Asker: 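Below is one structure. I have some questions about it.
What you see is a predicted model, and the numbers here were worked out from it, not measured in a lab. Each chain gets a letter, A, B and so on, in the order its sequence line appears, and its residues count up from 1.
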Amino acid sequence: MTKIATWNVNSIKARLGHVCDWLQEFGPDIALLQEIKTVDDTFPRLEIESLGYNVGVAGQKSYNGVAVLSKTPFEIEQTRLPGEDEDEQARYLEIVTETDAGVIRAASIYLPNGNPPDTDKFAYKLRWMDRLIEHARGLLALEEPVVLGGDFNVIPQDEDCWDPTVWEDDALFRPESRNAFQRLCHLGYTDAFRTFHPEPGAYTFWDYQGGAWQKDHGIRIDHLLLSPQAADLLVGSEIDRNPRAKQKASDHTPIWCELAPVRYAEAAA
DNA sequence: ATGCCGGGCGAAGCCCGA
């Protein structure tokens with residue numbers, strides 16, 4: 001079995017203790033991290049390698065930054081999302097590794113927030129999503145198990161937030177954002193968590209403000225999208241709320257999926 | 001609720017997040 005998790009940690013330095021605890025307790029085979037907020041040279045590589053992980057980093061000073069941690073060694077395929085050479089923001093890192101479930105291509109994605117919606121930030125978000133769709137379309141042609149995981153900054157449907165009216169005009173919930181997310185899925189990618197959990201009220205983010213966590217006023221914006229070859233291996237997906245409950249927590253919590261070697265996946269289906 | 005938290009940077013207060 002191969003466990004693949006994604007977590008926006010909101011600074012790897014501020015969250016190193018929690019991340020190490022989670023790696024030891026949950027033990028993902030592949031962990032996709034976002035908002036590490038540091039450059040490659042200052043990423044706490046040794047601490048994480050000492051827990052048995054290979055580390056890949058696409059970092060940036062102060063903002064953004066993504067990483068991949070994997071128990072199995074990997075090749076780095078992309079350190080930026082293709083399609084806009086001037087884009088310097090570190091929001092995409094793609095690797096290929098051989099796991100117990102076979103060769104898997106995985107990408108750590110930190111999709112732009114896009115607020116406020118009447119600014120270039122929103123235009124940048126939508127351009128970034130178009131670029132992601134084009135790249136994801138190309139990956140499908142490889143006919144490999146692909147996992148696109150990360151903070152997509154998109155609330156896909158009404159049931160993915162506690163009060164849709166509050167989010168109505170937010171870049172995370174605007175029709176343009178949701179439409180682009182839907183176009184991405186409709187290429188042939190499966191939302192791993194939704195496959196097992198059609199019910200509303202499952203969240204991955206709770207604002208630090210206004211007691212959002214205590215009131216369970218959250219949104220589901222962290223996703224794992226699987227190519228058909230990966231979806232065929234999918235045997236489970238859950239949100240791990242424990243890290244969000246701790247002191248000095250990230251405002252996001254991990255979400256994971258489990259892929260099985262093909263003969264086990266067939267038996268479970 | 002466009003900043004009530006919380007992090008980075010850098011040493012006070014601003015930028016940014018969702």
Asker: Report which part of the nucleic acid A/N115 touches: base, sugar-phosphate, or nothing (heavy-atom distance under 4.0 Å, all strands).
Answerer: base
Asker: By the rule that ILVMFWY residues connect when side-chain heavy atoms come within less than 4.5 angstrom, directly or transitively, which residues belong alongside A/V66?
Answerer: A/I4, A/I30, A/L32, A/V68, A/F74, A/I76, A/L93, A/I95, A/I104, A/Y110, A/V147, A/F193, A/F196, A/L224, A/L226, A/L233, A/L234, A/I239, A/I255, A/L259, A/V262
Asker: With sequence neighbours left out, write down each residue that passes salt bridge (Lys or Arg N to Asp or Glu O under 4.0 Å) with A/D191, or none if nothing qualifies.
Answerer: A/R220
Asker: Taking ILVMFWY side chains as joined if any heavy atoms are under 4.5 angstrom apart, and letting links pass through other members, which residues group with A/V103?
Answerer: A/V96
Asker: Is A/R15 close enough to B/dG6 that one of its side-chain N or O atoms is under 4.0 Å from OP1 or OP2 there?
Answerer: no
Asker: Once salt bridge (charged side-chain N to carboxylate O under 4.0 Å, His left out) is applied, what residue pairs with a partner in residues 44-56 of chain A remain, sequence neighbours excluded?
Answerer: A/R45-A/E49
Asker: Rounded to the nearest angstrom, tell me the gap between atom OH in A/Y110 and atom P in B/dG17.
Answerer: 6 Å
Asker: Tell me the salt bridge (charged side-chain N to carboxylate O under 4.0 Å, His left out) pairs involving residues 90-103 of chain A, sequence neighbours left out?
Answerer: A/E94-A/R105
Asker: Which is more 5' along DNA chain B, the nucleotide nearest A/Y208 or the one nearest A/R91? Just name the residue.
Answerer: A/Y208
Asker: Considering only the P atoms, how many Å lie between B/dC14 and B/dG3, rounded to the nearest integer?
Answerer: 13 Å
Asker: Could you give the CH2-to-C1' distance, from A/W213 to B/dG6, as a whole number of Å?
Answerer: 17 Å
Asker: In whole angstrom, give the distance that lies between atom CD of A/Q247 and atom P of B/dG7.
Answerer: 11 Å
Asker: Just by distance, with hydrogens left out, do A/N10 and A/K37 show a side-chain donor and acceptor under 3.5 Å apart?
Answerer: yes
Asker: Over all strands shown, is A/N8 touching base, sugar-phosphate only, or nothing at heavy-atom distances under 4.0 angstrom?
Answerer: sugar-phosphate
Asker: Counting any heavy atom closer than 4.0 Å, what does A/K125 reach on the DNA or RNA strands: base, sugar-phosphate only, or nothing?
Answerer: nothing
Asker: So, A/Q89 and A/D87: side-chain donor and acceptor under 3.5 Å apart, yes or no?
Answerer: no
Asker: Residues from residues 40-48 of chain A sitting under 4.0 Å of DNA chain B, heavy atoms only?
Answerer: none
Asker: With salt bridge (charged side-chain N to carboxylate O under 4.0 Å, His left out) as the criterion, how do A/R137 and A/E134 come out once you've worked through the C-alpha distance, each side chain's angles and the decisive distance to 0.1 Å?
Answerer: CA-CA 5 Å; A/R137 188 197 312 279; A/E134 287 317 303; 2.9 Å; yes
Asker: A/Y63: which residues meet the ring pair (Phe, Tyr, Trp, His ring centres under 6.0 Å) condition with it, sequence neighbours left out?
Answerer: none
Asker: How many whole angstroms separate atom NZ of A/K215 from atom P of B/dC5?
Answerer: 12 Å
Asker: Over all strands shown, is A/H217 touching base, sugar-phosphate only, or nothing at heavy-atom distances under 4.0 angstrom?
Answerer: nothing
Asker: Calculate the interatomic distance between A/N153 atom CG and B/dC16 atom P; express it in whole Å.
Answerer: 15 Å
Asker: How close or far is atom P of B/dC16 from atom CD of A/Q89, stated in whole angstroms?
Answerer: 10 Å
Asker: What is the distance from CG of A/L172 to P of B/dG17, rounded to the nearest Å?
Answerer: 11 Å
Asker: Going 5' to 3' along nucleotides 8-15 of chain B, which nucleotides have protein heavy atoms under 4.0 Å from the base (write B), which only from the sugar-phosphate (write S), and which from neither (write -)?
Answerer: SS-----B
Asker: Answer yes if the side chains of A/D151 and A/Q34 hold a donor-acceptor pair under 3.5 Å, and no otherwise.
Answerer: no
Asker: Does the side chain of A/T42 come within less than 4.5 Å of A/K13's, by heavy atoms?
Answerer: yes
Asker: Kindly state which residues belonging to residues 173-183 of chain A come within less than 4.0 angstrom of DNA chain B, counting heavy atoms of the residue only, listed by number.
Answerer: none
Asker: Could you tell me whether the side chains of A/T72 and A/T97 share a donor-acceptor contact shorter than 3.5 Å?
Answerer: yes
Asker: Could you say whether A/N64 or A/G210 is positioned toward the 5' end of DNA chain B, judged by the nucleotide with the nearest heavy atom to each?
Answerer: A/G210
Asker: By a strict heavy-atom criterion of less than 4.0 Å, which residues belonging to residues 156-163 of chain A are in contact with DNA chain B?
Answerer: none
Asker: Between B/dC15 and B/dG10, how far apart are the two C1' atoms, rounded to whole Å?
Answerer: 13 Å
Asker: Residues sharing A/F122's hydrophobic cluster, by side-chain heavy-atom contacts under 4.5 Å among ILVMFWY, directly or via others?
Answerer: A/L126
Asker: Calculate the interatomic distance between A/D207 atom CG and B/dC5 atom P; express it in whole Å.
Answerer: 10 Å
Asker: Please determine, by modelled atom types, if A/E144 and A/S227 share a side-chain donor-acceptor pair under 3.5 angstrom.
Answerer: no
Asker: Mind checking A/D118 for me? I need base, sugar-phosphate or nothing, with any heavy atom below 4.0 Å counting as a touch.
Answerer: nothing
Asker: Considering residues at least two apart in sequence or located in another chain, which fulfil the ring pair (Phe, Tyr, Trp, His ring centres under 6.0 Å) criterion with A/F205?
Answerer: A/H252
